[in-house]
Chemist: 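Okay, handing you the structure first.
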There are 2 protein chains.
Amino acid sequence: MGKQMTEMLKGTLEGIVLAILSVRPAYGYKITARLREQGFSDIAEGTVYALLVRFEQKGLVDVVKIPSEKGPLRKVYSLNAQGQEYLEEFWRTWSFLAGQLDQLRGGGR
Amino acid sequence: MGKQMTEMLKGTLEGIVLAILSVRPAYGYKITARLREQGFSDIAEGTVYALLVRFEQKGLVDVVKIPSEKGPLRKVYSLNAQGQEYLEEFWRTWSFLAGQLDQLRGGGR
DNA sequence: TACTGGTACATAGTAACGCTGAATAGAGGC
DNA sequence: GCCTCTATTCAGCGTTACTATGTACCAGTA
């Protein structure tokens, strides 16, 4: 992945994963696979797990352990009220930034 | 400034400043002031200067020293061909990310 | 039994970036 | 002289994503 993308993901990946969780609960492995399908080609496994741990520590998610059909236990994460709140703030921040960028891009031509 | 914004600016502020320079050459103090007016309320002084130094090291900008009407010499930065190229790549990366986020946001409701 | 491959989670170490806070310095106004 | 505004620089810090590796469970196969 490009270095620009790597840096741009800081702060954004968090929101992306929260948004994914807001649609439906999911576990790390699945989230990583989904991100890769969506074009974030080399998101590292460890990256998502670290993120999920942080969510848990901040109290943004609830966790349930569910047996997998194949392999070790899955840790299924779901967004709780606080996480929803946090996600909304993320969207506000993102909107502002995207607005500014659009303006700059338009003005630059 | 919010912590979310701080993290989101990583990788993005770089593009923002490059975009500003692509419109017309500018110097650190002015850029910082302009960013603050545009709503990036507490961009730290040092942040922009560090960015400009990095641009210089990567060879994305040309630098001229010009006397100020009031105060020490200004270091005026202008985007060169390589910088222009880099900025275009930034826009491509940004477009991809913004597209993904828009999709997620739409799907989440 | 041993091997392979897919699923699933965890973690130590590293690099990059923006922030904090302070220092330096010139010019003009009181 | 002292303060304010302009203008740049730098050391140290916290957060984040990446790299690389390790653990573990299960199914299929030879």
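All chains are named by letter (A, B, ...) in the order of the sequence lines, taking the proteins before the strands, and each is independently numbered beginning at 1. What's counted below: heavy atoms across the whole structure, side chains too, no hydrogens, waters or symmetry copies.
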Chemist: According to the Watson-Crick and G-U wobble definition with distances under 3.5 Å, which dot-bracket string, read 5' to 3', encodes DNA chain D, using [ ] for crossing pairs and | for pairs with another strand?
Modeler: ||||||||||||||||||||||||||||||
Chemist: With a 4.0 Å limit, can you tell me whether A:Y49 has a side-chain N or O closer than that to the phosphate oxygens OP1/OP2 of C:dC9?
Modeler: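 Yes, such a contact exists.
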Chemist: Return the 5'-most residue of the pair A:T12, B:T47 with respect to DNA chain D, ranking by each residue's nearest nucleotide.
Modeler: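 First, find each residue's nearest nucleotide; the 5'-ward one identifies B:T47.
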Chemist: On the side chain of B:K3, is there an atom forming a donor-acceptor pair with the base of D:dT15 - under 3.5 Å, no angle test?
Modeler: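 Flag unset: no donor-acceptor pair detected.
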Chemist: If the threshold is 4.0 Å, N to carboxylate O, is there a salt bridge linking B:R34 and B:E37?
Modeler: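 Not counted as a salt bridge, because no side-chain N and carboxylate O are separated by less than 4.0 Å.
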Chemist: Can you confirm whether B:K65 sits close enough to B:R74 that some side-chain heavy atom of one is under 4.5 Å from a side-chain heavy atom of the other?
Modeler: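 No; the side chains remain at least 4.5 Å from each other.
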Chemist: Below 4.0 angstrom from OP1 or OP2 of C:dG18, is there any side-chain N or O of B:T6?
Modeler: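 For C:dG18, neither OP1 nor OP2 has a side-chain N or O of B:T6 closer than 4.0 Å.
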Chemist: To the nearest angstrom, how far is B:M8 atom CE from D:dT15 atom C1'?
Modeler: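 Between C1' of D:dT15 and CE of B:M8: 14 Å.
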Chemist: Does B:K70 or B:A50 map to a spot on DNA chain C nearer the 5' end, using the closest nucleotide for each?
Modeler: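 The 5'-side residue here is B:A50.
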Chemist: Give one of base, sugar-phosphate or nothing for A:L52, where a contact means two heavy atoms less than 4.0 Å apart.
Modeler: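 Nothing: the residue A:L52, judged by heavy atoms under 4.0 Å, touches no strand.
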Chemist: Report yes if at least one side-chain N or O of A:Y29 is closer than 4.0 Å to OP1 or OP2 of C:dT7; otherwise report no.
Modeler: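 Result: yes.
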Chemist: Can you find a heavy atom in the side chain of A:V61 that is under 4.5 Å from one in the side chain of A:L21?
Modeler: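 Contact flag for A:V61/A:L21 side chains = yes.
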Chemist: Can you tell me how far C1' of D:dT16 sits from CZ of A:F90, to the nearest Å?
Modeler: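 Interatomic distance, CZ of A:F90 to C1' of D:dT16: 14 Å.
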Chemist: Find which nucleotide of DNA chain D each of A:K58 and A:S68 is nearest to by heavy atoms, and output the residue with the more 5' nucleotide.
Modeler: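 The residue mapped nearer the 5' terminus is A:K58.
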Chemist: Tell me what A:E14 touches on the nucleic acid: a base, only sugar-phosphate, or nothing, going by heavy atoms under 4.0 Å.
Modeler: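 Result for A:E14 = sugar-phosphate.
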Chemist: Does B:K65 make a side-chain N or O approach to OP1 or OP2 of D:dA7 shorter than 4.0 Å?
Modeler: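 Looking at the OP1 and OP2 atoms of D:dA7, neither is under 4.0 Å from any side-chain N or O of B:K65.
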Chemist: Remember a base hit wins even if backbone is also touched, and classify B:G46 as base, sugar-phosphate or nothing at under 4.0 Å, heavy atoms.
Modeler: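 Result for B:G46 = base.
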Chemist: Judged by each residue's nearest nucleotide on DNA chain C, which is more toward the 5′ side, B:R54 or A:P72?
Modeler: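 Of the two residues, A:P72 wins.
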Chemist: Does B:K30 make a side-chain donor-acceptor contact with the base of D:dA7, cut-off 3.5 Å?
Modeler: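 Answer is no: no donor-acceptor pair is held.
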